[in-house]
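Letters go in sequence order (proteins before strands), and every chain restarts at 1. Keep in mind that this is a model prediction, so the values were computed, not measured.
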Amino acid sequence: MVNPDNVADVAALYERIYLIRRVEEEIIRIYPTDKVKSPVHLSIGQESVSVGVCSNLRSQDIVYATYRGHAAYLAKGGNLNKMFAELYGKVGGFASGKAGSMHLGDIDAGMIGTSAIVSTSIPLAVGNALAMRMQGRDVVTVVFFGEGATDEGVYHESLNFASLKKLPILFVCENNFYAIYSHVRDRMPDANICERANAYRIPAKKIEGGDIFAICNAARDSLAAINAGEGPQFLECMTYRWRDHVGPGEDRHIEYRPDSELDRWIKDDQVARLAGMLDAATRDKIESSTNSRIAAAETAAEESPFPDPEIMYTNVYQ
Amino acid sequence: MVNPDNVADVAALYERIYLIRRVEEEIIRIYPTDKVKSPVHLSIGQESVSVGVCSNLRSQDIVYATYRGHAAYLAKGGNLNKMFAELYGKVGGFASGKAGSMHLGDIDAGMIGTSAIVSTSIPLAVGNALAMRMQGRDVVTVVFFGEGATDEGVYHESLNFASLKKLPILFVCENNFYAIYSHVRDRMPDANICERANAYRIPAKKIEGGDIFAICNAARDSLAAINAGEGPQFLECMTYRWRDHVGPGEDRHIEYRPDSELDRWIKDDQVARLAGMLDAATRDKIESSTNSRIAAAETAAEESPFPDPEIMYTNVYQ
Amino acid sequence: MSISDRSISYATALYEATHQEMSRDPSVFVYGLGVDDAKGMYGSTMALHRDFGPERCFDTPLAEDAMTGVGIGAAIAGMRPIHVHQRMDFLLLCMNQLVNMAAKMGYMTDGAVKVPMVIRGIIGRSWGQGAQHSQALHSFFMHVPGIRVVAPTTPYDAKGCMIAAIRDNNPVVFMEHRMLYNNQGIVPEEPFEVPFGQARILSEGDDITILGISHMVVEALRAKHLLEKVGIDAEVIDPVSLAPLDIDTILRSVEKTGRLLIVDTSWLHCGASAEIIAQIYERQQGSRHFLARRLGYQETPCPTTRSLENVYYPSAKSIALRAYEMMGNDVASWVPDEVEAVEIAEFKGPF
Amino acid sequence: MSISDRSISYATALYEATHQEMSRDPSVFVYGLGVDDAKGMYGSTMALHRDFGPERCFDTPLAEDAMTGVGIGAAIAGMRPIHVHQRMDFLLLCMNQLVNMAAKMGYMTDGAVKVPMVIRGIIGRSWGQGAQHSQALHSFFMHVPGIRVVAPTTPYDAKGCMIAAIRDNNPVVFMEHRMLYNNQGIVPEEPFEVPFGQARILSEGDDITILGISHMVVEALRAKHLLEKVGIDAEVIDPVSLAPLDIDTILRSVEKTGRLLIVDTSWLHCGASAEIIAQIYERQQGSRHFLARRLGYQETPCPTTRSLENVYYPSAKSIALRAYEMMGNDVASWVPDEVEAVEIAEFKGPF
Ligand SMILES: Cc1ncc(C[n+]2csc(CCOP(=O)(O)OP(=O)(O)O)c2C)c(N)n1
Ligand SMILES: Cc1ncc(C[n+]2csc(CCOP(=O)(O)OP(=O)(O)O)c2C)c(N)n1
Ligand SMILES: [Mg+2]
Ligand SMILES: [Mg+2]
C-alpha cells in the first residue's frame with residue numbers, strides 16, 4: 001500500500017509523474033520547430049492514472065494503451081531515449097520512426113505498440129491475458145483506454161470474453177469526460193461505466209478526482225484479486241485532459257467545455273500535489289536529474305539520423 | 001389486454017400461430033423434394049414470441065427480424081403466397097427468388113428483409129425508429145433477435161444509441177438458449193440479458209416459458225410505454241427451438257442438449273395450449289381454412305416460373 | 001467577380017452542396033463523430049446543426065458499425081443520411097454493414113427497398129499519420145456490386161458529386177483526400193449534379209496518359225509541367241467516379257498516346273489501378289500495343305517518419321520520372337526540378 | 001495401399017495438418033464459433049478439443065471482431081492461433097482487426113512483435129446461400145501489405161499450406177471453398193509444408209492458359225476435358241497462394257499459350273483476376289501480344305434461387321465456352337457436353 005506519509009513512496013511516484021509531465025512540456029516546447037512531425041495526444045493532467053496503476057506493476061507485466069500513450073509508456077518504464085528518437089522519426093526510435101507518437105510501445109518495457117483506432121487494442125490485451133494463462137506465466141495484463149472507447153462494440157465483446165474466461169487482466173478506463181470535443185453525456189444515456197462492467201460480472205471501482213493515492217491503492221487491490229484468480233477487474237479513473245485533444249495547444253477558445261471545469265482540475269494537479277509533499281532537496285534532486293535525462297534524450301534524438309528509404313521495406317512481413 | 005377467457009382473443013391468436021406451425025410443417029414435408037433449395041431456419045417451438053408481440057402491432061408498425069424469420073413474417077401479416085413462391089425460388093416471390101428463406105421480408109407487410117449475418121439488422125431497426133421520429137410518424141419499430149445476437153458488439157452500440165436518443169423501438173430477444181449448438185452459458189459469464197439492457201437504461205422484462213399470454217401482455221405494456229415517449233423497451237422471451245438449428249431435421253442425435261429439456265418445452269407447446277382452449281368447431285374452422293390457404297400457396301408457388309437469367313441483373317442499383 | 005467566376009475551396013464546396021441539399025430536401029441529414037463540433041469536419045459540415053437543428057446534424061457515440069446500420073435503416077425508411085468519417089480507415093469498422101447490408105438490401109428485396117446513403121471517407125494524409133490514419137479503401141468498394149464510389153478532385157466536382165451522391169438511390173462511398181480541402185476552384189453557386197461515370201480529361205497531351213486518383217490528379221498535373229520541360233506532352237485524366245468507371249474515355253486517351261500511367265492514392269495489388277489496366281487490356285485484346293505502369297503507395301504500411309513518408313507517397317517528381325522512363329528514356333538522365341506540393345508543405349494540423 | 005498413395009479428403013487434410021501441428025507445437029490453438037461442436041467444422045476440427053483439451057480448441061461468443069483481436073494479442077504473446085470462420089462473409093466483421101492491427105503490428109513495431117495467426121475463411125457456396133453467405137474476400141487481403149493469402153484446391157495443398165500457414169510468422173488468410181471439402185487426393189501422412197508463392201501447373205497445354213482460383217481450378221480442369229473434344233489443349237494453373245503471388249509461372253505459361261483466362265471465385269472488379277492481368281501486362285510491356293479474359297461471379301449480389309445461381313457462378317461449361325471463343329471460334333458453333341459438378345450436385349447440407 002502506497003503510503004502518503006512515507007517519503008520514499010511519494011518520491012518514487014513524484015519521480016515518475018514529474019518525468020511524464022516534463023517530457024510532454026518539452027514536446028510542447030519543441031513542437032513548433034516541426035521536429036515532431038506527427039500528431040501528439042498529450043496526457044498532461046491525466047498522468048496520475050498511468051503512474052498510479054503502473055506503480056504496482058512488475059517488469060514482466062504487460063501494458064496495452066492508446067495513441068494517448070506517452071504517460072503509460074513512461075510509467076511502465078519505457079526508454080526515454082528511444083521514445084524521443086521515435087517522436088523525431090529517427091532510427092534511434094524503438095521502431096526506427098515507423099511508429100511515432102500514436103504507436104508508442106516497446107516490448108522490452110512490457111508495453112506493446114499502441115493503436116490509433118479507438119478501442120482496438122482492448123481485445124489484443126485480452127488475448128495477451130489468454131496467452132499468459134495458456135503459457136502458465138505469472139503475468140498480469142493491464143489495458144488503458146478512454147471512456148470514448150467504451151462506446152465501441154469491440155469493447156463489450158472484449159469484456160464479455162475476458163469475464164467468461166476469467167482472465168488475469170485489469171481494465172483501466174481513463175474517463176476524461178470527452179472524446180475529442182464530445183462530452184460523454186452526448187454519447188451514453190448514463191455514464192454508468194462501472195455498472196456496465198458489472199453487467200459482465202467484472203468487479204469495478206470508480207476513483208474520483210484523479211487522486212493518485214486512491215488510484216495506486218485501488219490498482220493494488222485489483223491486482224491482488226487478479227492474482228488470487230478472481231478474473232478480470234475494472235477501474236474507472238476520473239481524470240482530465242488539460243490540453244487540446246491532439247497537438248500541443250490549449251483549447252479554451254473552442255469553448256466545448258467550461259473554463260471552470262478545466263480550472264478545477266488544474267487546481268487539483270497531482271504533480272503539484274506530490275511536489276508539495278516533498279522537501280525541497282528531494283524535489284530538486286528528482287527534478288534536476290529528470291531534466292538532465294530529458295535533455296540528453298533530446299540531444300540523442302537530434303543526433304540520430306533519419307531512416308534511409310530501404311528501412312521502409314523491412315518488417316512488412318516477419 | 002389479451003384475455004384468455006375471451007374466445008375471440010384466443011381464436012385470433014390460434015389462427016396466427018397455427019398458420020405458422022403448419023407452414024413450417026409443410027416445409028419439413030416438402031424439403032426432401034429439393035423444392036426449397038436453400039437453408040431454412042425453423043421457428044417451430046418459438047412461434048409464441050412472434051405471435052404474442054405482433055398481435056399488438058398495427059399495420060403501419062415495422063418489424064425487423066432474422067434469418068429465422070418465418071414466424072415473424074407471418075405473424076406480421078406477411079403474404080403466404082409470396083412467401084412460398086420465394087422459398088421455391090420463383091418469380092412469384094416478393095423478391096423473385098433473390099431472397100429466399102434467410103432474407104424474408106415484404107415491405108407491404110411492414111417487415112423489412114432479414115439478414116443472415118447475426119445481429120446486423122438490429123442497428124437498421126434503430127435507424128428505422130430514428131427515421132420515424134424525424135418524419136413525425138406514428139410508427140413503432142420492433143426488432144427480433146436471438147440471444148446469440150447479444151454477444152455481438154453492434155448490439156451494444158445499437159442499444160446505447162437507441163437509449164441515448166430515446167427512440168420508439170421495442171427490442172425482443174428470443175432467448176432459445178442456443179446459438180447453433182453453443183449454449184448461452186458458454187458465451188456469457190451470466191445470461192443476464194435484461195440486466196445488460198438496463199445498463200443502457202432500457203427497461204427490460206423477462207418472460208419465462210414461452211407463455212403466449214404473458215408475451216402478449218408484456219408487449220402491450222412495452223408498446224404503451226414507447227407510445228408514451230418513454231423510449232426503447234426490451235423483452236427477453238424465453239423460448240425453445242424444437243428442430244435443428246438449420247434444416248428441417250430433428251437434432252437429438254447431436255446430443256448437445258438434453259432430451260429432457262426439449263421434451264419439457266414440447267410439453268408446454270403454446271400451439272397445443274391455445275388449441276385446447278377452443279371448442280372443436282372453432283378450431284376446425286380455423287384449421288381447415290388455414291390448410292386450404294397453405295395448399296393454395298404451394299400450388300401457386302409450383303406454378304410460378306423460375307426467374308429468367310436477365311432478372312439477375314435487375315435491382316443491383318436502384 | 002461575376003458569379004460564374006466564383007472561386008471557393010474544396011471544403012466549402014462540400015459544405016455548400018450539403019447545405020443546399022439539406023435546404024431542398026428535409027430527408028437529408030448529416031451525422032458522424034464531430035460533425036457538429038467547432039471544427040465542423042474541416043469546415044465541410046460547419047454549423048449545419050445550427051441551421052438545420054441538432055436532429056439533422058448530430059454527433060454520435062464512437063460506434064461506426066451500428067451508426068452505419070442506423071443510416072442504412074433510416075435510408076430504407078425514406079431518409080437520405082450522410083455519414084461522415086474523419087478517416088477512411090474507420091470504414092474498416094463498418095465493412096459488414098456496408099458490404100453485407102447497404103450494398104445488398106436493394107437486391108435482396110428485389111428493389112422493394114433502397115439505400116440512398118452517402119458515406120464520406122476522408123483520406124487522412126497530412127504528416128506523420130502513420131499506418132492507421134492514411135489508408136484509402138476505394139478498391140474494396142469498387143469490388144462489391146451495389147455500391148458506388150466517387151473521388152472528386154476539384155471543388156467543382158466535389159460540389160457536383162456531393163449533390164449527385166445525395167440524390168442517388170444507392171450507397172455512395174464518397175472519398176475525400178485531406179490535402180484537397182484548401183484547393184480553390186471555380187464553382188457555380190446554384191446546385192448542380194456531376195453525373196457519375198464520366199471521366200475528365202483535365203489537360204490534353206499526345207505522348208502519355210497519366211490517370212490520377214483523387215489527390216494524385218494534382219500531383220499528375222504538376223508532373224505534366226515538369227514533363228513539358230523535357231518535351232513530353234502528357235494527357236491528364238481524372239476518373240472522378242470509380243464505380244461506375246468511365247473506361248471509354250480512358251481507352252480513347254490510351255489509344256491516342258499508347259502509354260498509360262495510373263497513379264493511385266492506395267496500394268496497387270487488386271487496386272483501382274489493376275482494374276483499369278485489366279479493363280483496358282480486355283477491351284483492346286492485343287489490337288494495339290500500349291505500355292502500362294502503376295504508381296501508388298509503397299507496398300508497406302505507411303511509416304510515420306517524414307523521411308520515409310516522402311518516399312511512400314507518389315509525388316510530382318516520381319510521377320514525372322516514371323513517365324519519362326515510359327517514353328523510353330533513361331531515368332538517370334534527368335533530374336526534374338523540385339516542385340513544392342504547397343498543400344503538403346503548408347499543412348500544420350488540425351492533424 | 002502404400003502410405004504414399006494414401007488418399008484423403010480436403011477436410012481430413014486440414015484436420016490432419018492441424019492435429020499434427022498442435023501435437024508438435026503447444027502454442028498452436030484453434031478457436032471460433034462451433035469448432036468444438038459435433039460437426040467439427042465439416043470434420044476439419046473434429047474432436048480436437050478432446051485430444052488437446054478445451055483450452056486449445058474452443059468455441060467463442062458471437063464476436064468476430066474482438067475474437068480476432070484476442071487472436072492477435074495471443075499471437076503477439078507467442079501463441080499461434082487458428083481462428084475459424086464458418087463463412088468468409090463474417091470476416092467483414094473483423095476487417096478492422098485484420099487490416100489495422102494484424103497486418104500492421106509487425107511493421108509499427110519495426111519487427112519487435114509478430115502476428116503468427118491463421119484466419120480460416122470458408123467460402124459458403126453450396127445452394128441457396130444467397131447474398132451474404134457466398135462471398136470470397138481474398139482480394140481485400142491481397143490489397144493490404146502485411147497479410148498473406150492462400151487458397152489451396154487439392155487435399156495435398158490443403159495440408160501443406162495449413163502447416164506452412166501455422167508456421168508462418170504473419171497473419172495468413174486461409175481461404176477454403178466448401179465444395180472442395182469432400183474432394184479426395186493423395187496426401188503424405190507425415191507433416192510437410194507447401195511453400196507460399198509457388199503456382200502449380202496442374203495440367204499442361206499449348207493453346208490457352210486457364211488459371212482457376214480455389215474451387216474454380218476444379219471447374220477449369222473439367223473445362224479442359226470439354227475443350228479436348230474440340231481439339232483445344234488448355235494449360236490449367238492453380239496459383240495456390242495469392243499473396244505472395246507466383247507471377248513468373250503464370251507469365252511463362254502465357255508466353256507459351258498467348259492466351260490467359262482467369263476464373264475467380266469472386267467478383268472481377270479490383271479482384272485477383274485484375275491484379276494478375278495487370279502484373280502480366282506490366283511484365284510484358286507490349287513485348288508480345290496475348291489475349292486475356294476474366295470470369296467470376298456475375299457483377300451482382302448472389303441470388304438465392306437455383307435458376308440464377310446456376311448462371312451466377314462460373315462452371316466448366318461457361319469456362320470452356322469462353323476459352324473456345326478466345327481461340328477465335330464463334331461460341332454459337334459449339335454446345336459442350338453437360339458435365340456434372342458432383343460436389344455441387346450431391347450437396348445436401350449441412351447447408
Ligand atoms: C474507431 C475510431 N473512431 C474514431 C476515431 C477518431 N478519434 C480519435 S481519438 C477519439 C476520441 C477518443 O476518446 P476517448 O476514448 O475518451 O480517449 P481520449 O482521447 O479522451 O483519451 C476519436 C473519436 C478513431 N481514432 N478511431
Ligand atoms: C456474424 C455471424 N456470425 C456467425 C454466424 C453463424 N451463425 C448463424 S446462426 C448462429 C446462431 C445465432 O444464435 P441466436 O442469435 O441465438 O439465434 P437462433 O439461431 O438461436 O435463433 C450463428 C452463430 C452468422 N450467421 N453471423
Ligand atoms: Mg476521453
Ligand atoms: Mg439462440
Side-chain angles (χ1 to χ4, degrees), chain B residues 62 64 86 91 93-100 102-108 112-117 119-135 137 139 141 143 152-162 164-165 167 169 307 311-318, chain C residues 26-29 31 53-56 58-81 83 93-94 96-97 99-117 144-148 168-172 196 243-244:
Chain B
I62 294 287
Y64 269 93
E86 189 61 37
V91 291
F94 46 78
S96 314
K98 287 174 180 170
M102 295 202 291
H103 306 300
L104 227 53
D106 185 356
I107 193 91
D108 295 333
I112 314 285
T114 57
S115 168
I117 310 288
S119 214
T120 55
S121 290
I122 299 174
L124 271 72
V126 173
N128 191 76
L130 179 72
M132 296 305 106
R133 149 91 55 80
M134 285 175 151
Q135 295 166 6
R137 283 164 64 189
V139 170
T141 307
V143 55
E152 293 279 2
V154 72
Y155 165 77
H156 297 269
E157 295 178 357
S158 300
L159 262 63
N160 185 59
F161 183 74
L164 181 71
K165 299 288 178 188
L167 296 177
I169 182 168
I311 301 283
M312 171 122 63
Y313 307 99
T314 59
N315 290 314
V316 177
Y317 294 92
Q318 319 297 320
Chain C
S27 65
V28 179
F29 70 95
Y31 71 111
E55 290 240 319
R56 290 185 64 198
F58 58 88
D59 191 25
T60 72
L62 285 81
E64 288 78 0
D65 194 11
M67 294 316 306
T68 303
V70 165
I72 297 168
I76 289 173
M79 304 302 291
R80 293 189 173 267
H83 191 187
L93 287 138
C94 46
N96 179 52
Q97 286 294 335
V99 175
N100 276 331
M101 302 301 277
K104 296 178 173 47
M105 285 301 290
Y107 193 77
M108 294 195 303
T109 59
D110 203 25
V113 308
K114 53 185 197 298
V115 184
M117 176 168 178
V144 178
I147 303 186
R148 298 199 193 288
D168 196 276
N169 282 333
N170 301 284
V172 179
F196 298 158

Engineer: Begin with the C-alpha distance, continue with both residues' side-chain angles, and end with the deciding distance and a verdict on side-chain contact (heavy atoms from CB on, under 4.5 Å) for B:Phe161 and C:Val70.
Structural biologist: CA-CA 9 Å; B:Phe161 183 74; C:Val70 165; 4.0 Å; yes
Engineer: Is C:Pro61 close to B:Leu164 at the side-chain level, that is, under 4.5 Å between some pair of heavy atoms?
Structural biologist: yes
Engineer: Taking the six-membered ring of C:Phe58 as reference, does the NZ or CZ atom of B:Lys165 fall below 6.0 Å from its centre and within a 45° cone about the axis?
Structural biologist: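 Yes, a cation-pi geometry holds between B:Lys165 and C:Phe58.
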Engineer: Indicate yes or no: at least one non-hydrogen side-chain atom of B:Gln135 is less than 4.5 angstrom from one of C:Pro26.
Structural biologist: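 Answer no - side chains too far apart.
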Engineer: Roughly how far, to the nearest 0.5 Å, is OH of B:Tyr64 from CD1 of C:Ile76?
Structural biologist: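 Between atom CD1 of C:Ile76 and atom OH of B:Tyr64 there are 4.0 Å.
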Engineer: Counting only heavy atoms closer than 4.5 Å, note whether C:Met105 contacts chain B via side chain, backbone, both or neither.
Structural biologist: side chain
Engineer: Hey, could you give me the CE/OH distance between B:Met312 and C:Tyr107, rounded to the nearest 0.5 Å?
Structural biologist: 6.0 Å
Engineer: Using side-chain contact (heavy atoms from CB on, under 4.5 Å), reason through B:Met134 and C:Glu55 one step at a time and then give a plain yes or no.
Structural biologist: CA-CA 7 Å; B:Met134 285 175 151; C:Glu55 290 240 319; 4.1 Å; yes
Engineer: Do C:Tyr31 and B:Leu130 come close enough that some side-chain heavy atom pair is under 4.5 Å?
Structural biologist: no
Engineer: Where does C:Asp65 contact chain B at under 4.5 Å (heavy atoms): side chain, backbone, both or neither?
Structural biologist: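 Contact with chain B: backbone and side chain both.
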Engineer: Measuring from atom OG1 of C:Thr60 to atom CG of B:Asn160, what distance do you get when rounded to the nearest 0.5 angstrom?
Structural biologist: 10.0 Å
Engineer: How long is the straight-line distance from CD1 of B:Ile112 back to OG1 of C:Thr109, given to the nearest 0.5 Å?
Structural biologist: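 The distance works out to 8.5 Å.
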Engineer: Does C:Gln97 use its side chain to pair, donor to acceptor, with the backbone of B:Thr120 at less than 3.5 Å?
Structural biologist: yes
Engineer: Can you check whether C:Met101 reaches B:Ser115 side chain to side chain, under 4.5 Å on heavy atoms?
Structural biologist: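 Yes, side chains in contact.
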Engineer: My understanding is that only residues two or more places apart in sequence, or in another chain, count here; which of them pass side chain to side chain donor-acceptor pair (under 3.5 Å) with C:Asn170?
Structural biologist: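 C:Asn170 satisfies side chain to side chain donor-acceptor pair (under 3.5 Å) with C:Asp168 only.
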